[in-house]
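All remarks here apply to the structure that follows.
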Amino acid sequence: MNRALRFATVGVVAVALLGGGAAGAFAAPAHLHSPASVVATAPAKPALTAKASANSVQAWQEFRVSGVATGIKAGTKVTVQQKQGAKWVSLPAQAPVNTKGAYSVRVKLGIKGVNHLRIGAGTTVSPEVTVTVR
């Protein structure tokens, strides 16, 4: 009887150790399950700013439209767009976005009067800027 009791006791202890040890070995640490450790960073929504270096210029006088691109990859070309009637028309004035997100485009306009311009990169566009050509 003594021998049978010993085997039973050793069996119960072994099962308890293996059960507890296995649970500890396969369970993830508690800090991995807490919501504070999960950091989700959404990509920045693409956006463009624009500012003209002059509010008024002579016909065909060069000026610059500069700004910052956020959420847009460096090297992406930005294009100057001009409002002609109800449509936005892309002009042949482009510049790449640099590694800091900045850009500067040289522009010459010949249409006299108030010109509405914006910068475009894909489907992202900047707010309008106006330049008067005299």
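Qualifying side-chain contact (heavy atoms from CB on, under 4.5 Å) partners for V129, counting only residues two or more places apart in sequence or in other chains: A50, L117. Every residue was checked against the side-chain contact (heavy atoms from CB on, under 4.5 Å) condition with P127, not counting sequence neighbours, and none meets it. When the side-chain hydrogen bond (donor to acceptor under 3.5 Å, both in side chains) test is applied to S126, no partner is found at least two apart in sequence or on another chain.
Following chains of ILVMFWY side-chain contacts shorter than 4.5 Å, one cannot reach V78 starting from V125, and the two form parts of different hydrophobic clusters. Under the 4.5 Å side-chain heavy-atom criterion for grouping Ile, Leu, Val, Met, Phe, Trp and Tyr, V65 is connected to L91 within one hydrophobic cluster.
Every pair passing side-chain hydrogen bond (donor to acceptor under 3.5 Å, both in side chains) that includes a residue from residues 50-70 is listed here, sequence neighbours excluded: S56-R134, R64-S104, S66-S104. Sorted by first and then second residue, the pairs that involve residues 107-117 and meet side-chain hydrogen bond (donor to acceptor under 3.5 Å, both in side chains), not counting sequence neighbours, are Q82-N115, H116-E128.
Shown here for Y103 and L48, the closest heavy-atom pair between the two residues is CE2-CD2, 4.2 Å.
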For residues 92-102, tabulate all N or O donor-acceptor pairs below 3.5 Å that involve a side-chain atom, not counting sequence neighbours.
from: Q94; atom 1: NE2; to: T79; atom 2: OG1; distance (Å): 3.3
from: N98; atom 1: OD1; to: K100; atom 2: N; distance (Å): 2.9
from: N98; atom 1: OD1; to: G101; atom 2: N; distance (Å): 3.0
from: N98; atom 1: OD1; to: A102; atom 2: N; distance (Å): 2.9

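V131 has its side chain within reach of V57: a pair of non-hydrogen atoms, C-beta onward, lies under 4.5 Å apart.
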CA sep, side-chain torsions, deciding dist, call: I119, V80, side-chain contact (heavy atoms from CB on, under 4.5 Å): CA-CA 5 Å; I119 299 294; V80 177; 3.7 Å; yes

